[in-house]
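Read the structure below first, then the notes.
All heavy atoms count here, side chains included; hydrogens, waters and symmetry mates do not. If you're wondering where the values come from, they're calculated on a predicted model, not measured in any experiment.
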Amino acid sequence: MPQTTLVSILEGHRSQPHQLIEVLQDVQDQYGYISEDSMRAISSELGAPLMEVYKVASFYKAFSLKPRGKNVITICTGTACHVRGANLVLNQAVGQLGIEPGEVSDDGLFTIEHVNCLGACALGPVVTENGSFHHHMNPGKLRKVIKTINSSGTEEISHG
Amino acid sequence: MAKIHAISDLEELREKIVDDRKQFEKTIILCGGTGCKASRAQAVIDAIENELAEQGMEKRVLMRTTGCHGFCEQGSLMVIEPGNIFYCHVLPEDIHEIITKTIREGEVVERLLYTDPVSGKVIQTEAEIPFYKAQDRYLLAQNRQIDPCSIEDYIAIGGYSSIGKTLSDISQKSVIREIENSGLRGRGGGGFPTGRKWAECREAPGDEKYVICNADEGDPGAYMDRCLLEGNPHLVLEGMMIGAWAIGAQQGYVYVRNEYPLAVKHIRVAVQQARELGLLGNNILGSSFSFDVSIARGGGAFVCGESTALMASLEGKVGEPRPKDVHTVLEGLWNKPTTLNNVETWANVPSIIQNGASWFGFKGVKGSKGTKILALTGHVKNTGLVEVEMGTPIKTVVFDIGGGAANGKPIKAVQTGGPSGGCLPADKFYLPVDFDSLAEAGSMVGSGGMVVMDESTCMVDVAKYFLKFLQDESCGKCVPCRLGIDRMLEIVTKISEGRGVSEEISLLEELGATVTQTALCGLGKTAANPVLSTLTYFRDEYEKHINEKKCPAGVCHELITYMIDSEKCTYCGLCKKACPHDAITGEKKDIHAIVLDQCRKCGICRSECKFDAIQVN
Ligand SMILES: Cc1cc2nc3c(=O)[nH]c(=O)nc-3n(C[C@H](O)[C@H](O)[C@H](O)COP(=O)(O)O)c2cc1C
């Protein structure tokens, strides 16, 4: 982990334990998860007990304690998406990638997540792929999205 | 921009901005909300900028990227003024034609006009669209008048004049009296009288007090707070300033969902701009009032929308609620007197101060004044954000604004109030949307989610859905909520799988009543509502699951089988290709069949089939 980024995230928050969630948010954004090392660093810099840092990091959905796949497919399962068939879309992702929500695929390319609501309810079912939105989703559309990422992903690996 | 030190400075600035804008002959209003951005609005915005530059029209045509207009289904949305011409589903490819024809020649591009799905009529102006016509959009309409990242835009439409008026003319007590008299009640779900909350907080002992804006919007299926914060952040800030001044707070917080990146960005920009102009900081507008606002991002826990949990989270802790023996207006954030209001509540404040309590009280019905923004979603033709006078009947919202059933199947229920609310059947659609009527019927206005459900929805599944949600979101601190929800979910799951027995219905009701009475916070206290309301109005569906082992809507996995209707099947192979579980056999041009042992009933084949050949039994 590039130490400099963590240092710059902690900048301005030192010795302010109430800034814990803000700091964790930034670490999550930067690294995609909260590692044990970053928890230790945050604990000592903010002056919050390590147990408190772990408690908070594990309580909130926004934080992942494990690394995630290179591509994060987030399926909205809010009520509006649910009644329009978000489950089908989730089933498609699970079936196609062979992983359950929260898991990383063997090749490290994918993580599936579900979220309670993305606030784009009129366009449901909604899926985001690394933060960019896809609306009015159905299994077929998602299959193509995943296929596209898959082919560009393997290309990258074989070229790299 | 130079700092503003007095109200006269603000008025001068306003005049100057309005004057500067006079050079523009036309305005292109483009929705840049989260919904439209999902429909490629950003590419459209770039295309307009390029095209205006290319045609040398930047000085004559103003392009305004605004927050959400509410009609997300039709995005990207564009309105051209003057003329009020409304274009929907606009794509970057359309821009050249729009600028050349509509902007230059005043000609309408027919193919981009909106067609009303109910009457089939093509409609030219925004004002004529039935979805908008039946609404009273006094809050939402402001969104299309401003670029949320421009404090000038907000000032141009009279922004910050309410705080100006407050600081120069109105005593703190009179502000509170005005809010009390208006009848404004909290829009976050509880419906607590806002003026009374402010009065109690003002009277609470202590010099250090706080105001908080609750923008956690945890109700899945509601997004009005996102829309307001994203589309009109200065309005929310101005409301908070007025409240802070009235109760004597110097520091405010906006606690906003991190799942709303655009809202986070816009409120941050707004705070920064207000600071630069001196509208936040010390001695605002030359008065003795000093106030600043910080932004905190939520951690994605539903329970953190609850007042005491939210405050714990703001303090950097785990978001667990505490008993409210002492109210947060006395001991809230850092144990100091704190006023917490919802985004929409704050957004109502500036106009009440500007136009007076009686103006506000004129809208709505007894006990529920003003308008309410509803998130109309689910199985209706027109979905989106809808603002109506309180007391508007459900049927007006569902049929006049929503345009009725979307898929030709009859509408059977509407779910209001999210996980704390309930499902009301179609024969209750005469009920007015107000705090008391919906509560009496076993649901609630809540934050304003309104999910319309047609006959393809199974009510047992809906109850199960909300219980799962609540089980997941319960913080686990108190036993009734943690275990009560678990047990209710266990029973409802059994029923949905055809393993239920009739006695369990009364057991569910008993459990529901116990959890309601004994849970610590609002999450648990209302957790049984989705179950209890579906039991009240859709008991026959539970009974069919229990007695006949049937799911009438064809949703509950254990009670259905998928079959291929060989008469309708054209042997095209689509379903076979789509099935992620290899459960479909048969070659192209040959009979297809589903291998029941392998079928996981995910429903993907059915959604894929173009000939309606996959049946559920
Ligand atoms: C579990 C739970 C979740 C809540 N979520 C929210 C929320 O997301 N937004 C909100 O404004 N109020 C929410 N509330 C209501 C708040 O506790 C509080 O009543 C409200 O923010 C007060 O503001 P108001 O009076 O302006 O409505 C929630 C309450 C509970 C019990």
B:K317 side chain reached by A:I21 side chain, heavy atoms, under 4.5 Å: no

What part of B:V318 gets within 4.5 angstrom of chain A, counting heavy atoms only: side chain, backbone, both, or neither? both

Could you go through the salt bridge (Lys or Arg N to Asp or Glu O under 4.0 Å) check for A:R143 and B:E608 one step at a time? CA-CA 11 Å; A:R143 186 175 330 120; B:E608 208 80 359; 3.4 Å; yes

So, taking the atom named CG in B:N258 and the one named CG in A:D29, what distance separates them when rounded to the nearest 0.5 Å? 6.0 Å

Would you say A:N116 and B:E473 make side-chain contact, with heavy atoms under 4.5 Å? yes

A:H18 versus B:W334: any side-chain heavy-atom pair under 4.5 Å? yes

Could you check whether any side-chain heavy atom of A:V115 comes within less than 4.5 Å of a side-chain heavy atom of B:E259, counting everything from C-beta outward? yes

What part of A:Q19 gets within 4.5 angstrom of chain B, counting heavy atoms only: side chain, backbone, both, or neither? neither

Minimum heavy-atom separation for B:C304 and A:Y60, please, with both atom names. SG-CE2, 3.5 Å

From A:Q92 atom CD to B:C602 atom SG, the distance as rounded to the nearest 0.5 Å: 7.5 Å

Filtered by a 4.5 Å non-hydrogen cutoff, the part of residues 576-584 of chain B contacting chain A is B:A578, B:P580, B:H581

Within this structure, what is the OH-CG distance for the pair B:Y223 and A:L118, rounded to the nearest 0.5 Å? 12.5 Å

Do you know which of B:T383, B:L376, B:L574 has the most heavy-atom pairs with chain A at a distance under 4.5 angstrom? B:T383

Least distance between heavy atoms, B:A38 atom then A:L123 atom: CB-CD1, 4.1 Å

Hey, is the main chain of A:A120 close enough, under 3.5 Å, to the side chain of B:R226 for a donor-acceptor pair? no

Chain B contact via A:V126 - side chain, backbone, both or neither, heavy atoms under 4.5 Å: neither

Spatial distance of atom NE2 (B:H557) from atom CG (A:N87) [nearest 0.5 Å]: 6.5 Å

dist A:Q25:CD -> B:R297:CZ (nearest 0.5 Å) comes out at 5.0 Å

Atom CZ in A:R84, atom CG in B:N407: separation rounded to 0.5 Å? 8.5 Å

In terms of heavy-atom proximity below 4.5 Å to chain B, should A:L88 be classed as side chain, backbone, both, or neither? both

Side chains of B:S39 and A:H135: does their closest heavy-atom pair fall under 4.5 Å? yes

Apply side-chain hydrogen bond (donor to acceptor under 3.5 Å, both in side chains) to the pair A:H136 and B:E73, showing each step before the final yes or no. CA-CA 9 Å; A:H136 295 108; B:E73 183 100 57; 2.8 Å; yes

If you count heavy-atom pairs under 4.5 Å between each of A:A122, A:G78, A:A62 and chain B, which one has the most? A:A122

Applying a strict 4.5 Å limit to non-hydrogen atoms, the region of A:F59 in contact with chain B is side chain

Side chains of B:Y465 and A:T77: any donor to acceptor distance under 3.5 Å? no

Looking at A:T79, A:L90, A:N138, which makes the most heavy-atom pairs under 4.5 Å with chain B? A:T79

